[in-house]
Amino acid sequence: MAAYVLRRLTLFVPMLIGIVAVTFGIMQLLPGDPAAVLLGEDASDEAVREMRRALGLDRPWWIRLAAYYADLFRGEMGDSYFQNQPVVNAIAQRLVPTLEVAFVALLVSIILGVALGIAAAVRRGSLVDAACMLFAQLGVSMPVFWFGILLMYLFAIRFDLLPSIGRGPPLLFAAGQALAGRPAALGESLMHIAMPALTLGLTNAAVISRLVRSSMLETLGQDFVRTANAKGLRPARVVFVHALRNALLPVVSVIGLRFGALLGGAVLTESIFGWPGLGQLAVSAISQRDIPLVQGIVLTFALAFAIVNLVVDLLYAVIDPRIRLE
């Protein structure tokens with residue numbers, strides 16, 4: 001397995017090189033000049049030219065791209081045009097909030113999606129099945145931004161139950177405070193993260209529930225499940241011990257892919273709820289034509305997605321020992 005992990009990590013290098021090239025090319029095609037945006041509308045042409053020289057934008061694109069690759073080789077991502085700090089520092093300040101909301105949303109989507117999928121499969125053709133699949137259809141069809149606005153209206157404006165924008169104390173810090181007997185910080189943190197996590201998690205739970213239902217129906221019809229029922233095992237044991245484990249392989253694969261969707265959805269969700277993460281930073285960087293910062297954020301998302309998919313592949317061998325990773 002160690003050789004497999006090393007080989008997969010080696011493949012990250014050409015992937016990141018290609019992503020940098022594509023992102024850099026797209027940013028060159030966007031209208032607008034970072035120097036003009038930085039100086040404002042009243043800046044003279046001479047001032048804009050001086051700023052372009054200071055930022056290195058007067059050099060040919062291939063030289064700038066080669067310089068960026070050189071920075072990456074040294075473990076750097078250049079300096080942000082507008083943040084007045086290295087891109088690595090700007091991303092580090094916003095990475096934890098994005099990971100918080102992404103992992104809480106992933107937890108919500110897994111728990112709810114797997115539970116609804118199992119209920120629909122076990123009660124196939126019943127009212128429970130119809131209700132679960134109606135939820136799944138609504139979740140798949142509903143735009144993330146519209147669902148976020150709806151939650152904000154209901155829980156923040158209509159009933160005033162949750163804060164509409166902002167982030168509470170860091171979740172890990174709040175959890176540590178709760179373990180020390182001071183749960184107030186954890187309550188505040190969970191109240192702030194609830195709506196962003198639900199916005200991302202419920203839409204992904206809809207996709208997972210449909211797949212779990214389909215996979216469970218196929219597994220429940222297998223011979224080993226009929227044998228378990230014939231032995232007189234309790235229905236709950238047959239479903240959760242025998243059937244569910246065998247039905248999880250395709251589900252785990254999709255969960256890894258949905259993590260990428262969570263990161264992409266964070267761009268809109270963080271803007272709606274004022275969540276100080278990478279998504280909100282990406283929107284600001286794109287509008288300002290902050291090329292180094294945009295490239296750094298895209299690389300961070302791509303690397304996170306690749307690592308999650310590697311973890312998913314390793315989980316295959318844990319769930320099904322017959323699978324060998326070589």
Side-chain angles (χ1 to χ4, degrees), residues 1-5 8 102-142 144 147 190 194 197-263 265 305 307-326:
M1 182 176 291
Y4 174 82
V5 173
R8 285 289 300 271
F103 279 110
V104 173
L106 186 63
L107 187 63
V108 169
S109 62
I110 291 173
I111 294 174
L112 188 59
V114 171
L116 291 178
I118 293 175
V122 172
R123 301 292 184 180
R124 181 181 183 182
S126 67
L127 185 61
V128 173
D129 185 15
C132 292
M133 290 304 99
L134 176 61
F135 163 80
Q137 188 63 40
L138 290 174
V140 171
S141 307
M142 190 180 303
V144 173
F147 188 52
L190 292 176
L198 285 175
T199 300
L200 292 172
L202 291 181
T203 53
N204 284 277
V207 177
I208 294 174
S209 66
R210 290 165 64 100
L211 181 63
V212 170
R213 178 184 184 274
S214 175
S215 184
M216 282 292 294
L217 286 176
E218 181 179 352
T219 304
L220 289 172
Q222 298 294 322
D223 290 339
F224 71 90
V225 175
R226 286 194 289 266
T227 301
N229 285 319
K231 289 180 177 179
L233 297 179
R234 292 180 300 171
R237 181 176 177 82
V238 173
V239 171
F240 291 102
V241 176
H242 295 273
L244 181 59
R245 182 171 182 177
N246 288 273
L248 277 181
L249 278 179
V251 178
V252 169
S253 178
V254 169
I255 288 174
L257 295 175
R258 298 313 299 177
F259 184 79
L262 289 174
L263 292 178
F305 184 68
I307 292 174
V308 168
N309 276 275
L310 174 59
V311 173
V312 167
D313 289 344
L314 297 178
L315 283 177
Y316 285 166
V318 176
I319 296 172
D320 191 346
R322 296 172 298 178
I323 296 178
R324 301 181 63 87
L325 301 176
E326 299 177 353

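Quick caveat, the model's predicted, so the values are computed rather than measured. Computation of the quantities below employed the complete heavy-atom set of this structure, encompassing side-chain atoms and omitting hydrogens, waters and symmetry-equivalent molecules.
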Inset, instruction - Calculate, to the nearest 0.5 Å, the distance between atoms CE and CG belonging to Met133 and Leu138 respectively. - result: 11.5 Å
Inset, instruction - Mind listing the closest non-hydrogen atom pair of Leu211 and Val251 along with its distance? - result: CD2-CA, 3.7 Å
Inset, instruction - Report the distance from atom CG of Asn204 to atom CG of Leu112, rounding to the nearest 0.5 Å. - result: 11.0 Å
Inset, instruction - Go through Val239 and Met216 one step at a time and tell me if the side chain to side chain contact (heavy atoms under 4.5 Å, CB included) criterion holds. - result: CA-CA 9 Å; Val239 171; Met216 282 292 294; 3.8 Å; yes
Inset, instruction - Rounded to the nearest 0.5 Å, what's the gap from CD1 on Ile110 to CZ on Phe103? Could you check? - result: 10.0 Å
Legend entry - Nearest non-hydrogen partners of Val225 and Ala243, listed with the distance: CG2-CB, 4.4 Å
Inset, instruction - For the pair Ser215 (side chain) and Val212 (backbone), establish whether a donor and an acceptor sit closer than 3.5 Å, ignoring hydrogens and angles. - result: no
Legend entry - Side chain proximity check, Phe224 to Asn229, heavy atoms < 4.5 angstrom: no
Legend entry - salt bridge (charged side-chain N to carboxylate O under 4.0 Å, His left out) partners of residues 202-213, not counting sequence neighbours, each pair once: Asp129-Arg213
Inset, instruction - Heavy atoms only: give me the nearest Phe147-Leu198 pair and the separation to one decimal. - result: CE2-O, 3.6 Å
Legend entry - Within 6.0 angstrom of Gln222 CD, more than 12 heavy atoms from elsewhere: yes
Inset, instruction - Mind checking the CG-OG spacing from Leu116 to Ser209? Nearest 0.5 Å is all I need. - result: 5.5 Å
Legend entry - Pairs involving residues 226-241, ordered by first then second residue, that meet salt bridge (charged side-chain N to carboxylate O under 4.0 Å, His left out) (sequence neighbours left out): Asp223-Arg226
Inset, instruction - Give every residue pair that meets the side chain to side chain donor-acceptor pair (under 3.5 Å) criterion with at least one member in residues 110-127, sequence neighbours excluded. - result: none
Inset, instruction - Indicate the atoms forming the closest heavy-atom contact of Ala206 with Val140, along with that distance. - result: CB-N, 3.8 Å
Legend entry - Non-hydrogen atoms of Val238 and Ala228 that approach each other most closely: CG2-CB, 4.1 Å
Legend entry - Close side-chain approach of Leu244 and Ile118, heavy atoms under 4.5 Å: yes
Inset, instruction - Please answer whether the main-chain N or O of Leu200 pairs with a side-chain N or O of Thr203 as donor and acceptor at a distance below 3.5 Å. - result: yes
Legend entry - Heavy-atom closest contact (Thr219 atom, Ala247 atom, distance): OG1-CB, 3.5 Å
